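Let me begin by presenting the structure, written as structure tokens, before commenting on it.
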Number of protein chains: 2
Amino acid sequence: MTASDGDEPNGLRRTHRVTISDLARRLQISKASVSYALNGRAGVSDETRQRVLDLAEELGFHPNSAAVALSASRTRTIGIVIARDPALISTEAFYMRTLVGIEQYLNEVDASLLLRLTGEQGEDLDVLRRWSRQGRVDGFILFDEHDNDPRIPLLKELGIPCVVVSSNAPDDQAGRLISSPTETVTLLLDHLAALGHRDIAHISGPFMFVHERLRVQTLRELAADRGMTVRQLEGSYRYDDGAALTRQLLTGPNPPTAIVLGNDLMAVAALRVAIDLGTPVPGQVSIVAWDDSPLCELAHPGITAVDQKTMERGRAAADLLFRVAAGQDDIHEQAPAGELRARASSGPAAHR
Amino acid sequence: MTASDGDEPNGLRRTHRVTISDLARRLQISKASVSYALNGRAGVSDETRQRVLDLAEELGFHPNSAAVALSASRTRTIGIVIARDPALISTEAFYMRTLVGIEQYLNEVDASLLLRLTGEQGEDLDVLRRWSRQGRVDGFILFDEHDNDPRIPLLKELGIPCVVVSSNAPDDQAGRLISSPTETVTLLLDHLAALGHRDIAHISGPFMFVHERLRVQTLRELAADRGMTVRQLEGSYRYDDGAALTRQLLTGPNPPTAIVLGNDLMAVAALRVAIDLGTPVPGQVSIVAWDDSPLCELAHPGITAVDQKTMERGRAAADLLFRVAAGQDDIHEQAPAGELRARASSGPAAHR
DNA sequence: CTGAAAGCGCTTACAG
DNA sequence: CTGAAAGCGCTTACAG
């Protein structure tokens, strides 16, 4: 071993990292040849290449990522910056499942994820700017698109690729993995229509998110197509809010026979309120959720929801980002289709 | 602006990143002076320093992280590699809450997190080794310690600092943020003892985890101190398993009057099984969970659990890692204390 | 207080 | 097929 140790201030011994210079010296060839060999480029004989690879393996050589990044301007790292209330981030399995999906892909292509969870809006812009300027990442995956989302022009200005996990496809040159709300709305409405529901309510997430407004609009249109009416209430994704709005619906005049909730937490809240009010579920009111999750599965009765294939979607987003960054022309792609998970919280519409 | 654009293959215009050379040229000073000024080092007059800082601000200068990493051998990045089944990772809010806590700290000190979720055991060792050798991170935070955990000697050999989120304090030179099980066991047993429970059961997580075996042992000892008996069953953290073991307990001879579950998912399972068996909760059996979570809070009845202050613990772990990496001698630290959240799932012990 | 220079560990034209 | 050399953008002794 060429490894030589040096004593560090705190007594740690930092082992010498093997570099391409070490490999070159031991093999009596130039650093360039080593580099060519390692990177599968032309310029070395097969025999030399094999000798390099063997020695690299033997010595446990791994190229210094900073040096690669500096000279080749690629980091094999993608960035994700999430600007939601930490409390919400952790209650929603959504983000973690998406991350798992992304990681599956990154594992396969040996890339990495730089993650930042910033509480406040605005702070995320700073992080995007800083990471871009610092050359820390090759691109970003964006969630929770807003109206006139400032992140998209910012990243374009910074000249760094991105993929938006999106519900629509405006022509703004951003890469997009698109989950159209039409599909989920169709699944939910077909399910409810088949059960005889005509008068439903929708408690959405905040309208600041593009996807929430699109859901509202799509729900209205497709409900009309089926001769159904839909009341729309804007929620916050929070439990308390889902509970309060559901109470308002169920204790008001003409309560709906079914309620669609914008996320799992509000759906659990709706279920609880209905039960507490003595409103049978699904006898008197059906409860369905936009997103499936363990909460929906474990509730009692189980809550009917759409499995959005969150992990697969994360995977697909990462895959798309790499292709966009490599210069692929087609920057829009359809996300994997969701599937209805019918459970006990939805049943035949109550008779009036 | 000195910014000049170049056309990229895919039509993206990559803006020129401003470097210290740009700053030096514009200010007619050397790059060294710029570096000193930016890093708050001696070697420049206050006036020069201010001019540098002003221009850097004006041009939106951010130092290239690869260049800093290469020349200074620090990345301001910590690594986390989690090797658990993806399905489990996403159902447990634990990891996400921990990450949020860690991120809070990283935000404050402007450091970053490199994250990898590997499904399989063993693969995580490769990632630790690779990231170390590649110089990608300044240190690691480790979770889910095993017996004779190979990660700890590996990282020592690689000469890279780490902090183990730990339940004990062996003398192996690893940094440790310690949550002693004694504290949680005391909270749980005092609660149950006060309610008159004498005969309890514990469905733990897998014994491959050091903390689970420690919990079992501690529970046994402290229960004995209180004149209580405790039956121990090894679970897997999975819902199905929690359900099956609970069923076994409740339908067997001499069912316990209280069951302690090793995680939230198994606690929800236990609750469901008890209800389905017609065993009143807490009338006939009390259910308590080791870790609090939204699942416990939202269950009905709510499940008594210990709030392990997961976010604070994550924060503390990150903080400790930076101090350990900076050469602090005292590498062990106590994690923030947990708190009992008494809910409706626990009540007075049933009479025999 | 300031500057010229070497060096971190790679990649990449460019000559042979 | 191979090597010498420049360069990526910083930091850091070392001289002045």
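Below, chain A is the first sequence line, B the second, and so on; all start at residue 1. Every value quoted in this text rests on a predicted model; they were computed, and no experiment measured them.
With sequence neighbours excluded, the residues that form a ring pair (Phe, Tyr, Trp, His ring centres under 6.0 Å) with A:F322 are A:Y105. By the side chain to side chain donor-acceptor pair (under 3.5 Å) test, B:E333 pairs with B:R323, sequence neighbours left out. Judged as a salt bridge (Lys or Arg N to Asp or Glu O under 4.0 Å), and not counting sequence neighbours, A:R49 has no contacts. Remark: B:R176 pairs with B:E145, B:D172 by the salt bridge (Lys or Arg N to Asp or Glu O under 4.0 Å) rule, at least two apart or across chains.
The phosphate of C:dC1 has neither OP1 nor OP2 within less than 4.0 Å of any side-chain N or O from B:S45.
Under the salt bridge (Lys or Arg N to Asp or Glu O under 4.0 Å) criterion, the residue pairs touching residues 121-137 of chain B are A:D110-B:R130, B:D126-B:R129, with sequence neighbours excluded. Screening residues 108-152 of chain B for ring-ring contact (aromatic ring centres under 6.0 Å, His included), with sequence neighbours left out, gives B:H146-B:F209.
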Exercise answer: donor-acceptor pairs, residues 59-69 of chain B side-chain atoms, under 3.5 Å, sequence neighbours excluded:
unit_1, atom_1, unit_2, atom_2, d
B:N64, OD1, B:A66, N, 2.8
B:N64, OD1, B:A67, N, 2.8
B:S65, OG, A:Q134, O, 3.1

Where protein sits on nucleotides 6-13 of chain C, one letter per nucleotide: B base, S sugar-phosphate only, - none, heavy atoms under 4.0 Å: -BBBBBBB
Side chain to side chain contact (heavy atoms under 4.5 Å, CB included) between A:L117 and B:V100, worked out: CA-CA 6 Å; A:L117 309 173; B:V100 169; 3.7 Å; yes
Pair pattern of DNA chain C in dot-bracket, where unpaired bases get dots and | marks partners in another strand, Watson-Crick or G-U under 3.5 angstrom: |||.||||||||.|||
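One atom, CG of B:L27, and another, P of C:dG3, lie 11 Å apart when rounded to the nearest Å.
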